[in-house]
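Each chain gets a letter, A, B and so on, in the order its sequence line appears, and its residues count up from 1.
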Protein chains: 4
Amino acid sequence: MPLSPVSEAPPTDTHTRRLRRKDARPGELLAAALDLFVDKGFAATRVEEVATLAGVSKGTLFLYFSSKEELFKAEVREHISGRFAQWSEEIEHFEGNSQEMLRYCLNCWWERIGATKASGIPKLMMSEARNFPELAAFYQQEVIQPGSALIARVLQRGVDRGEFRPMDLKYAVYMVLAPLLFLTTWTHSLGTCCDPASQIEPEHYLAMQLDMLLRGFSTTSAPPGAGLS
Amino acid sequence: MPLSPVSEAPPTDTHTRRLRRKDARPGELLAAALDLFVDKGFAATRVEEVATLAGVSKGTLFLYFSSKEELFKAEVREHISGRFAQWSEEIEHFEGNSQEMLRYCLNCWWERIGATKASGIPKLMMSEARNFPELAAFYQQEVIQPGSALIARVLQRGVDRGEFRPMDLKYAVYMVLAPLLFLTTWTHSLGTCCDPASQIEPEHYLAMQLDMLLRGFSTTSAPPGAGLS
Amino acid sequence: MPLSPVSEAPPTDTHTRRLRRKDARPGELLAAALDLFVDKGFAATRVEEVATLAGVSKGTLFLYFSSKEELFKAEVREHISGRFAQWSEEIEHFEGNSQEMLRYCLNCWWERIGATKASGIPKLMMSEARNFPELAAFYQQEVIQPGSALIARVLQRGVDRGEFRPMDLKYAVYMVLAPLLFLTTWTHSLGTCCDPASQIEPEHYLAMQLDMLLRGFSTTSAPPGAGLS
Amino acid sequence: MPLSPVSEAPPTDTHTRRLRRKDARPGELLAAALDLFVDKGFAATRVEEVATLAGVSKGTLFLYFSSKEELFKAEVREHISGRFAQWSEEIEHFEGNSQEMLRYCLNCWWERIGATKASGIPKLMMSEARNFPELAAFYQQEVIQPGSALIARVLQRGVDRGEFRPMDLKYAVYMVLAPLLFLTTWTHSLGTCCDPASQIEPEHYLAMQLDMLLRGFSTTSAPPGAGLS
DNA sequence: CATGAATGAGTATTCATTCAT
DNA sequence: TATGAATGAATACTCATTCAT
């Protein structure tokens, strides 16, 4: 650059920097907000903190997100619901038996959600749903429903191919969901303050849950008798 | 007044009544608080509502509980701790195979916690633990650890008697815990705002979870292969 | 008091003072609010200023008035609409001809509204109506409509008794209203900053307006020909 | 660029167009501002709306008007001052009796101010004068005083020609002014939110006010007795 | 001349907690 | 012991104005 006497670079660069800033802002704000939301909860996080952490002023945040709730929604879209399309695609083209498919799903969930900061989002929703009904409804529609449908498809495929025993799909979905959501909830709440001996090692935990699910869904699994008396 | 000896009886009586009331107050307040905390969440419950529901004034509540948080702690002590002794006793003398024993345990949990207002307490703990570390530690010691020990004993008995396959006890406990805690968390959060079609029917849910556990713990259960890759 | 060994007076007095304070608060707040509203307008007046001027904290104001708008409504009721019942009564029992009656009405308006701080209220409404539609609707219902009805009754009586010529009542009401509302509006706006020579002397102004009205309503008044071409 | 003689024409042209635009801008902005101020009031109009409506960016507006208040002042100058010269001229050469002259004046006011968007300006002045003393003084000098003088001349002419009874000119001017200013104030405030039944039909209202004035100013008008007691 | 991204001061309302009675 | 009047900290969102480009 210093070797280039024509002063074309600076203006271009400047302009680019401006545009880049504007394009970068939402991402910077989302990153800051995720940190704070996960750490302190939705209600306890002040928008000004988010802005400051992102290096802008309060007003600027509202230039990109019309409200605190919209900021949270954007977070959800960015990290969770925006990925369903790809996931759905992957599921569609998965080759292999359904046991492997289920393992693959949990794997993906762990790598893309569970092991990342985004794992705080489901926990957040469980904690704040009561106080922010609009967010809860949004999360239901954008996450819970498509997510459940995804799991249901996997299970249905297993049944169809004779790899899983026939099952009540609606509740079977909860069999898969419960361990995952419990993990995030636990990890971000009581799990942070228990003695090291009872810390959950997430990958071990997930492996065992997967093991239980596959045993339970297996066609050779022996029905243990009547349910809850 | 000091010159009027006859006016002593009424005061005494009044005093007695007062004392009696004073003894009853904490319980009345705890009952009122449980109703409201479970119904509206911790943050959304105003102490004045609690006081009003308990039939006293706002100021009186602070005579018995030094803060809203202390009221919450007292709630935990009242409704969760203290039941383990009896439960442990029952487990000790249970006769029957371990499948039935596990079913019995879930049954008890459902009847005594899950189906009662006290089911809101674990959910509250999960939500507030992060902003309430001291209470979280307390809950760990007083509830989570004895509860886990109880479950561990049941599972160990099954293994010892050859009714359950050998297992990693620490994580097996979470296999049992996760479905229960997920149920209370879900029921008191997102479960309140989802379309009726996806409502969980708790007894059906528990029956299926028990079914999964028993299949998974069964000695005849086929190991499905490697864990999470 | 120091001569009275029985300590009955102090408690009574104290209790009385307490009650008196509580009873006095709304009035103190209304007085403070009127001063500020008239001086700075509704929007430009901060509730904290009102509270401070009344010698209480911000929170206390909201103990007595649920919102800033409610505070304003109370002001209107206190000074304007709360007086219509009595006025209506007086009108009903007025003895004398309708010319005297109209003069009496303007007189009352001047003494009870025009010459007091309450004269700022109508001006306030005219200024802020657009930005506070709910207040405007309230004022319409509580002040404009009953006020117009009152004037209409006076005029109708004059017509019925043959003391005023027949007239279009709806617009005749505005003939009476316009000079009064103009006076308050002018006085509290441009009138505050004009050279002394053009200051309006309100009583003279009102006398002349009354004179015009009586001439105009007179049965012997000569119709001046067609209206606006 | 300096080496390219042919490229001068376009720049010149561009420059010319720019200048022309520059000259047109204030007018475009004033027109846009009048629309919005009259429609939504001063406070509720955002400068960005004005700029957008005028087809420029927010920043550009501040190139021509140093503040929102200055924009308002410019509005007053543009639409009210400067018309008095012509009006005065017309008055000077009016032929006909003074009744017709007064009718002509109200007519002109209605057509040029009352019925146009400019009718919002006097209302804005009344509303904002208190928080805007400098503008109030300006309005007094530039609008109120010449306007009053105009009216005074008409009335004086009537008295001189024996067509109006002798009167206190200063206050008689307010007899004429009050109905007009009340109309604009009312129309732009409470008039916008009252039930249709009490809507003022401006031309009917003005005709009746003129009728009242002419009756009151008539030489045959019977004096109704003493003024305000 | 023109832009529009960024700024940050300004404010009504709630509610846990206190304390004079 | 009981009351309830009083407190005041705490927070999302708007919009006139600026200034780097």
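A 4.5 Å side-chain heavy-atom check between Leu71(B) and Tyr64(B) finds every atom pair outside the cut-off. A heavy-atom distance below 4.5 Å is not found between the side chains of Ser127(A) and Met126(B). Side-chain contact between Glu134(C) and Glu69(C) is present, with heavy atoms from C-beta onward closer than 4.5 Å.
Ionic pairing of Lys73(A) and Glu142(A) is not present here: no N-O contact between side-chain nitrogen and carboxylate oxygen is shorter than 4.0 angstrom. By the 4.0 Å N-to-carboxylate-O rule, Asp39(B) lies too far from Lys117(B) to be salt-bridged with it.
A sub-4.0 Å separation between OP1 or OP2 of dA2(E) and a side-chain N or O of Ser57(D) is absent. When the side-chain nitrogen and oxygen atoms of Arg25(B) are compared with OP1 and OP2 of dT1(F), none of them lie within a distance under 4.0 Å. Contact between the side-chain N/O atoms of Tyr64(C) and the OP1/OP2 oxygens of dA5(F) is not found at any separation under 4.0 Å.
Rounded to an integer number of Å, the gap from CD of Glu49(C) to P of dT11(E) is 8 Å. In this structure, the CG atom of Leu71(D) is 10 Å from the P atom of dT17(F), given to the nearest Å. Between Glu69(B) atom CD and dT17(E) atom P the separation is 8 Å, expressed in whole Å. Computed from coordinates, the Leu29(C) CG to dT13(E) C1' distance equals 15 Å when rounded to whole Å. Protein atom CG of Leu61(C) is 15 Å distant from nucleotide atom P of dT11(E), rounded to whole Å. Atom C1' of nucleotide dA16(F) and atom CZ of Phe37(D) are separated by 12 Å, given to the nearest angstrom. The interatomic distance linking Phe65(B) (CZ) with dT17(E) (P) rounds to 13 Å, in whole Å. Glu48(B) has its CD atom 14 Å from the C1' atom of dT18(E), to the nearest Å.
Each of Phe62(C) and Lys68(B) was assigned the nucleotide of DNA chain E with the nearest heavy atom; the assignment lying further toward the 5' end belongs to Phe62(C). Nearest-nucleotide mapping onto DNA chain E: of Val47(B) and Arg46(C), the residue sitting toward the 5' end is Arg46(C). Residue Leu63(C) is the one, among Ala43(A) and Leu63(C), whose nearest nucleotide of DNA chain F lies closer to the 5' end (criterion: closest heavy atom).
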Less than 3.5 Å apart, which donor and acceptor atoms pair up between the side chains of residues 50-63 of chain C and the rest of the protein, not counting sequence neighbours?
residue, atom, partner, partner atom, Å
Thr52(C), OG1, Glu48(C), O, 2.8
Ser57(C), OG, Thr60(C), OG1, 3.3

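Within 4.0 Å of Thr45(C), counting heavy atoms only, lie sugar-phosphate atoms of the nucleic acid but no base atom.
Not one N or O on the side chain of Glu70(D) forms a donor-acceptor pair closer than 3.5 Å with the backbone of Ser67(D).
Put simply, the side chain of Lys58(D) and the base of dT17(F) share a donor and an acceptor less than 3.5 Å apart.
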Just the dot-bracket of DNA chain F, please: which string comes out with Watson-Crick or G-U pairs under 3.5 Å, [ ] for crossing, | for another strand? .||||||||||||||||||||
